[in-house]
Structures are given as C-alpha cells and as structure tokens.
Amino acid sequence: LCRATSEAFNNDILGPLMDANYSVHVFAMIKPTVYYGAKSWWTEKKPECAAHDTPFTNVSKSFVPAAAVEDAVAKLSATSCEVRVVDEASARASWASTLEQRAESIGCTDMLRQFGSNDNTSMLVNNGYAHYSQWRTVRDGYVMMEEAEDRAGEHFEYVVRLRPDTFPTMKSIL
C-alpha cells in the first residue's frame, strides 16, 4: 500500500461505510513486493492498455520496507485493522522454487512426469502455481476474519474481498 492507495481506500471505501454507521474491520494480507511507478510494466508492452493502468502491480522482486507498510496501514481509518505481511524469506523461497516443487504444490506431478518439462508444461505449472498462490492468500485472509469472529463471539454481517487495484470498481458499487 502506498500513500495514495491508503488515501483512496479511506476516501472511497472506508469513509462512506463508516459515515453510514458501519463498523469496519480490515483484514489485510500484504505482499510487500509491489511496483510503484507512473506506468506498470505491462503498459510498456501493450500501450492500448494504458487507460486501465494502475501504479500498484505485484510484479517486482524488490521489497517495500516494513516501516513503509506499517505507515500505510496506520493511515487506514477503520474500526480495527489486522495485518499480516508475507515475510521476505517466504517470498524468496516461492520465487526460487523449482518447476517440480511448484507442480507438487498444485497437484500436477503426474502431468509433469507424463509429458516432461517443456514450454507447455512449464507454462501450465507456473500459471497454476501463480493462481494457487493468490487463492492461498485469499484463504489466509479469510482465516484471519474467522479467527476475529471466534474471538469476538459474533459474525460479520458483510464480508467484502478487495484488492487495492480494484478501488475504482468498488467505488462505483458503493
């Protein structure tokens, strides 16, 4: 989360909900590996996509300092905020994993054994692993929410999953 993202989240999402007397609890699974810039890497390759560009793109292997993450989260104006940040060692291990390790993670070892390592199987395994990683993060955030419900002894009325790059869409829904 960068300063502009935190401000947009407050102004467009959290503020209107809290103004309407909702109690808002944020559960954030943060991967501190983001690209910050005027243009993301994919608009360089596809100029026709520039209108849909976002400065928040999870493509970098550089890390945002923990203090910057804490500062951005502290700016969120919610009733409560629980944050878990993916640690650098876990992220690096994921990047360094072999094709065979990724295939095992997503249950594709038989396919890899049968067809071998080639461009097609590599693409299938790597894309599958990327999707698996994203959904694992969603699961981890949901578990955070369930743990908070258990601690409070009550259930949330509404649960919304957001990504920072979906703010314009969420604003139009609200």
Side-chain angles (χ1 to χ4, degrees), residues 1-2 4-6 8-9 13 26-70 72-73 82-149 156 158-173:
L1 294 172
C2 62
T5 302
S6 295
F9 198 68
I13 309 295
V26 173
F27 300 94
M29 290 297 299
I30 297 178
K31 294 180 179 179
T33 53
V34 294
Y35 171 84
Y36 293 98
K39 291 183 180 180
S40 61
W41 61 273
W42 60 277
T43 58
E44 298 293 332
K45 293 181 180 181
K46 297 181 174 245
E48 68 275 13
C49 295
H52 306 288
D53 195 18
T54 173
F56 186 96
T57 307
N58 187 15
V59 296
S60 174
K61 288 188 179 180
S62 59
F63 284 82
V64 176
V69 172
E70 291 168 10
V73 170
E82 183 176 337
V83 177
R84 292 188 187 158
V85 179
V86 175
D87 64 283
E88 189 171 335
S90 296
R92 289 194 189 284
S94 177
W95 295 330
S97 62
T98 66
L99 189 65
E100 291 76 16
Q101 290 169 325
R102 290 177 176 203
E104 184 177 341
S105 295
I106 62 172
C108 290
T109 51
D110 289 341
M111 178 196 71
L112 203 55
R113 266 196 298 277
Q114 183 177 356
F115 297 105
S117 179
N118 57 52
D119 288 347
N120 290 331
T121 56
S122 294
M123 181 187 68
L124 288 169
V125 168
N126 287 324
N127 287 343
Y129 184 78
H131 287 105
Y132 165 78
S133 297
Q134 289 175 358
W135 284 108
R136 186 179 56 204
T137 302
V138 170
R139 181 211 58 205
D140 292 347
Y142 193 82
V143 167
M144 288 170 59
M145 187 239 1
E146 289 180 319
E147 290 169 353
E149 286 180 330
F156 295 106
Y158 303 99
V159 177
V160 179
R161 178 193 175 259
L162 303 176
R163 290 175 23 159
D165 57 352
T166 62
F167 290 159
T169 305
M170 282 307 299
K171 185 177 178 183
S172 67
I173 291 171

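Start at 1 with the first residue, then count along the sequence.
Looking at residues two or more places apart in sequence or on another chain, you find a side-chain hydrogen bond (donor to acceptor under 3.5 Å, both in side chains) between T137 and K31. Here Q101 pairs with T98 under the side-chain hydrogen bond (donor to acceptor under 3.5 Å, both in side chains) rule; sequence neighbours left out. Take D119 and apply the side-chain hydrogen bond (donor to acceptor under 3.5 Å, both in side chains) test, not counting sequence neighbours, and it matches no residue. Residues that satisfy the ring-ring contact (aromatic ring centres under 6.0 Å, His included) test with F115, not counting sequence neighbours, are absent from this structure. The ring-ring contact (aromatic ring centres under 6.0 Å, His included) search around Y129 returns none, not counting sequence neighbours. The side-chain contact (heavy atoms from CB on, under 4.5 Å) search around N126 returns L99, R102, S122, not counting sequence neighbours. Take S105 and apply the side-chain hydrogen bond (donor to acceptor under 3.5 Å, both in side chains) test, not counting sequence neighbours, and it matches no residue.
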side-chain contact (heavy atoms from CB on, under 4.5 Å) between H131 and I106, intermediate numbers included: CA-CA 9 Å; H131 287 105; I106 62 172; over 6 Å; no
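Residues in residues 103-117 take part in these salt bridge (Lys or Arg N to Asp or Glu O under 4.0 Å) pairs, two or more places apart or across chains: D110-R113. For the salt bridge (Lys or Arg N to Asp or Glu O under 4.0 Å) condition, the pairs that include at least one residue of residues 127-147, sequence neighbours left out, are R84-E147.
Formation of a donor-acceptor pair under 3.5 Å by the T121 side chain with backbone atoms of L112 is not found in this model.
A pairwise comparison of heavy atoms in M144 and F27 identifies O-CE2, 3.8 Å as the closest pair.
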